[in-house]
Amino acid sequence: MKKSGKYNRILVTAALPYTNGYTHIGHVAGSFLPADMYARYSRLAGYDIIFICGSDEYGTAIALAAIKEGLSTQEIIDKYHFANKKAYEELGLSFDIYSRTSNPTHAKTAQDFFLNLYNKKLLYKKTEKQLYSEKEKRFLADRFVVGTCPICGFEEATGDECENCGSALSPLQLIDPKSKLTGDTPVIKETVSYYFPLKDYQAKLEKWLDSKTDWKPNVINYCKGWFKTGLQDRSITRELEWGVPVPIEGEEGKVIYIWFEAPIGYISMTKELFAQKGEPEKWKEYWQSDDTKLVNFLGKDNIIFHAIFFPAMLMAHSDFVLADNVPANEFMNLEGSKQSKSKGHAILLKDAVEKFNPDSIRYAIASNMPENKDTDFYWVDLQAKNNNELGAILGNFVNRAFVFNEKYFGGKVPVLGSLEEIDKNIINSLKSYVERIASYYENYKFKDAVSETMNLVRDANKYFNDTEPWKVVKEDEARCGTILNICLQLCNTFAILFDPVLPFTSAKILNMLNVSTENLKWDKAYELTLPGGHKLNAPEILFKKIEDHEIEK
RNA sequence: GCCGGAGUAGCUCAGGUGGUUAGAGCGUCGGAAUCAUAAUCCGCAGGUCGGGGGUUCAAGUCCCUCCUCCGGUACCA
């Protein structure tokens with residue numbers, strides 16, 4: 001297997017989607033698509049790589065979603081888990097496993113992790129006063145308490161902050177507190193929590209992050225902000241029914257805090273993956289050797305958990321690898337404003353894949369990925385990218401080459417004759433394209449990778465125009481054959497280079513070329529692998545035009 | 001409020017450590033071509049880089065200030 005720097009294998013994760021609703025394309029832009037493109041590229045490049053993801057299914061918000069929808073928590077997570085999983089498949093996300101945190105393996109793994117820290121006496125107990133709703137029979141999370149702000153008198157302050165005066169509040173400070181959900185007046189009740197001593201890990205975390213010179217500045221800056229304020233210890237248990245039970249006698253009724261438990265899902269799902277493969281010990285290779293490159297893809301809302309909290313947990317446990325990188329994206333907004341599930345202003349992935357070519361969706365998102373700042377998704381952009389780029393540039397090149405070849409060379413690859421300057425130029429440019437695009441993927445620059453790949457297709461169209469095979473065929477058939485040979489070889493190159501972003505199209509091109517997926521190797525992308533006389537399959541249209549009425553809702 | 005990010009061509013976006021006439025794609029307009037899903041190729045035009053002030057020989061880039069938008073602010077995830 002190929003090495004990636006000092007590493008012998010790569011472990012890619014995409015942030016576990018929370019199962020209280022349908023995934024929208026903002027989630028795709030934030031973590032799923034970059035993770036998938038990276039995973040696909042890494043496979044082509046020949047690395048030993050696994051790609052892990054699954055549904056995050058516990059916690060307060062699931063319990064609330066259940067109340068709102070009038071379903072049980074199990075029904076809620078089943079509803080969204082299976083719907084989302086299906087949509088991911090239709091989008092071509094190539095997870096090696098897509099599991100869920102409600103699986104028993106996960107509970108066991110999370111409990112073992114908790115006990116490991118507990119037995120090392122790293123955790124401590126603290127008694128606190130919290131608001132408890134008798135009617136709802138549960139403690140209320142800070143932001144699910146509303147009341148009057150003690151500072152400015154604003155009547156709709158929540159238990160975490162007052163959005164009128166901006167003060168940070170605690171629920172106990174609120175005057176006349178009520179449950180946001182039911183309007184019930186809560187009572188003050190004592191509860192015991194287990195705390196993780198995050199404060200003790202600040203110095204180690206700072207040192208660790210200082211060594212990460214190749215991380216995105218947005219991630220580093222975000223962490224520095226937290227260090228400046230000073231990290232505080234965090235409660236890692238909740239008085240809640242819906243979660244992984246705290247594995248200590250006498251603590252019935254407590255569950256492990258979701259943000260302690262969920263990232264452990266990456267580990268438990270890796271265990272499941274190898275258990276399914278009949279190699280139950282092999283997950284250790286990925287999590288317990290220093291030569292594993294762990295890369296966590298996520299949106300900016302998750303930075304705190306993946307760059308500070310989870311690494312601190314891993315440091316405390318000490319048996320597992322820490323992330324090599326945490327390439328966080330910003331957000332993809334919709335037509336100028338933030339996507340929100342609750343406000344109905346969002347493009348749900350399940351709806352999008354039903355209506356449009358998944359590769360068109362992938363391309364539209366990838367070419368406008370929020371790598372450095374929030375970006376906007378517009379339906380007219382999807383249409384324009386599909387019609388003017390995918391169809392007109394890529395689809396058209398493949399089509400004109402195949403149709404021409406069918407007409408004049410009977411659908412067989414013509415023999416490559418002697419090369420002229422113009423042929424050598426484009427052939428010789430391939431290797432640098434392949435290397436440049438690889439380097440973009442290696443450095444998490446997905447937008448650059450995609451646009452540079454399309455640039456090669458532009459060069460190909462120019463080559464076709466400049467060599468004018470429709471004229472040459474009338475005077476010099478052998479020369480024309482050489483030109484078409486090169487054009488068809490280029491189609492093979494596109495199939496490889498576009499696989500990370502357009503996997504379905506890539507498979508179609510390979511099928512048209514009548515070559516096996518064995519050819520999907522990054523280093524084959526600059527080689528002329530099609531032998532003269534090779535029989536091709538009939539061409540098909542790669543991208544249908546999207547008409548105006550199709551993007552009007 | 002505090003911390004962090006963003007504001008660059010009609011549109012969507014690039015522009016480490018300040019350095020020649022500020023870039024790309026798409027769109028517009030003009031031309032070439034007719035193999036191809038009227039799809040391609042070439043060329044032109046288009047920007048006082050959010051406002052104002054400052055440092056510097058030199059500022060999209062550094063400093064100050066103001067405006068707008070976004071994220072976080074530790075029990076939503």
Side-chain angles (χ1 to χ4, degrees), chain A residues 15-18 20 56 58-62 64 128 130-131 139-145 151 158-162 165-168 170-171 193 198 217-218 220-226 228-229 231-235 237-240 257-259 262 299-305 308-309 330-331 333 336-338 364 367-378 380-381 384-385 387-389 391-393 395-405 407-408 445 447-448 451 454-455 458 460-466 468-473 480 484 487 539 541-545:
Chain A
L16 307 183
Y18 198 60
N20 66 340
D56 180 4
Y58 286 126
T60 317
I62 299 277
L64 287 173
E128 290 163 307
Q130 274 198 13
L131 294 179
F139 285 91
L140 299 175
D142 289 3
R143 70 172 49 195
F144 292 109
V145 182
I151 294 156
T158 57
D160 52 347
E161 63 166 354
C162 171
C165 69
S167 312
S170 94
S193 295
L198 187 59
N218 60 342
I220 295 287
N221 285 336
Y222 184 89
C223 295
K224 282 185 178 164
W226 281 84
K228 218 158 104 183
T229 323
L231 299 180
Q232 291 173 32
D233 296 349
R234 290 183 77 114
S235 161
T237 57
R238 295 288 183 276
E239 298 271 351
L240 192 72
Y257 171 47
I258 189 168
W259 265 112
K300 62 177 166 182
D301 53 328
N302 268 331
I303 294 175
I304 170 80
F305 300 108
I308 292 182
F309 192 45
E330 307 287 314
F331 289 155
N333 300 319
S337 59
K338 197 189 162 185
S367 58
N368 194 20
M369 197 173 266
E371 290 173 346
N372 305 310
K373 61 174 180 184
D374 289 1
T375 61
D376 279 285
F377 179 91
Y378 291 88
V380 287
D381 272 359
K385 294 224 154 89
N387 295 354
N388 305 333
E389 299 185 35
I393 299 173
N396 182 240
F397 178 82
V398 173
N399 188 248
R400 71 201 293 208
F402 268 81
V403 169
F404 190 98
N405 193 258
K407 190 167 169 188
Y408 293 103
K445 291 170 177 274
K447 267 201 291 207
D448 286 338
S451 70
M454 195 53 90
N455 280 340
R458 294 188 170 95
N461 272 305
K462 181 170 167 52
Y463 174 79
F464 202 106
N465 271 39
D466 291 350
E468 301 181 309
W470 59 89
K471 282 186 187 165
V472 177
V473 74
C480 184
L484 261 295
C487 289
I541 297 297
L542 293 176
F543 298 95
K544 272 187 290 188
K545 215 168 178 175

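Lettering follows sequence order; numbering is per chain, from 1. Worth saying up front: this structure is predicted, and the values here are computed from it rather than measured.
Checked for salt-bridge contact, A:Glu330 and A:Lys300 meet the test: a charged N lies under 4.0 Å from a carboxylate O.
Among the atoms of the strands shown, none is found under 4.0 Å from any heavy atom of A:Phe402. A:Ser451 comes within contact range of no nucleotide atom at all, as no heavy-atom separation falls under 4.0 Å. Across all strands, A:Ser193 comes closer than 4.0 Å to base atoms (heavy-atom distances). Within the nucleic acid shown, A:Phe309 has no heavy atom closer than 4.0 Å to any nucleic acid atom. Counting non-hydrogen atoms under 4.0 angstrom, A:Asn333 reaches nothing in the nucleic acid. A:Gly395 comes within 4.0 angstrom of a nucleotide base, judged by non-hydrogen atoms across all strands. Counting any heavy atom pair closer than 4.0 Å across all strands shown, A:Ile62 reaches no nucleic acid atom. A:Asp301 comes within 4.0 angstrom of a base, heavy atoms only. Nucleic acid contact class of A:Leu542 (heavy atoms, under 4.0 Å, all strands): base. Residue contacts for A:Ile258: at a heavy-atom cut-off of 4.0 Å it reaches the sugar-phosphate backbone alone, with no base atom in range. No contact: A:Lys544 has no heavy atom under 4.0 Å from any strand. Residue A:Lys228 is in sugar-phosphate contact alone, with no base atom involved, counting any heavy-atom pair closer than 4.0 Å across all strands shown. Counting non-hydrogen atoms under 4.0 angstrom, A:Asp376 reaches the backbone sugars and phosphates but no base.
An OP1 or OP2 oxygen of B:C26 is reached within less than 4.0 angstrom by a side-chain nitrogen or oxygen of A:Arg458. When the side-chain nitrogen and oxygen atoms of A:Asn20 are compared with OP1 and OP2 of B:A77, none of them lie within a distance under 4.0 Å.
Under the Watson-Crick or G-U wobble criterion, with both distances below 3.5 Å, B:G43 is paired with B:C29. As the counterpart of B:C49, no nucleotide is assigned, since no Watson-Crick or G-U wobble pattern has both distances under 3.5 Å. Across every strand in view, B:A24 sits in a pair with B:U12 that passes the Watson-Crick or G-U test at under 3.5 angstrom. If you check B:U73 for Watson-Crick or wobble pairing at under 3.5 angstrom, you find it paired to B:G1.
You won't find any donor-acceptor pair under 3.5 Å spanning the side chain of A:Glu330 and the base of B:C70, going by distance alone.
Figure legend: A:Arg400 and A:Phe464 shown as a cation-pi pair, the cationic atom lying under 6.0 angstrom from the six-membered ring centre and within 45 degrees of its axis.
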Contact state string [nucleotides 30-35 of chain B, B base, S sugar-phosphate only, - no protein heavy atom under 4.0 Å]: ---SSB

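Two residues, A:Asp142 and A:Ala392, neighbour RNA chain B, and the one matched to the more 5' nucleotide by heavy-atom proximity is A:Ala392.
A side-chain donor-acceptor contact under 3.5 Å links A:Tyr18 to the backbone of A:Tyr58.
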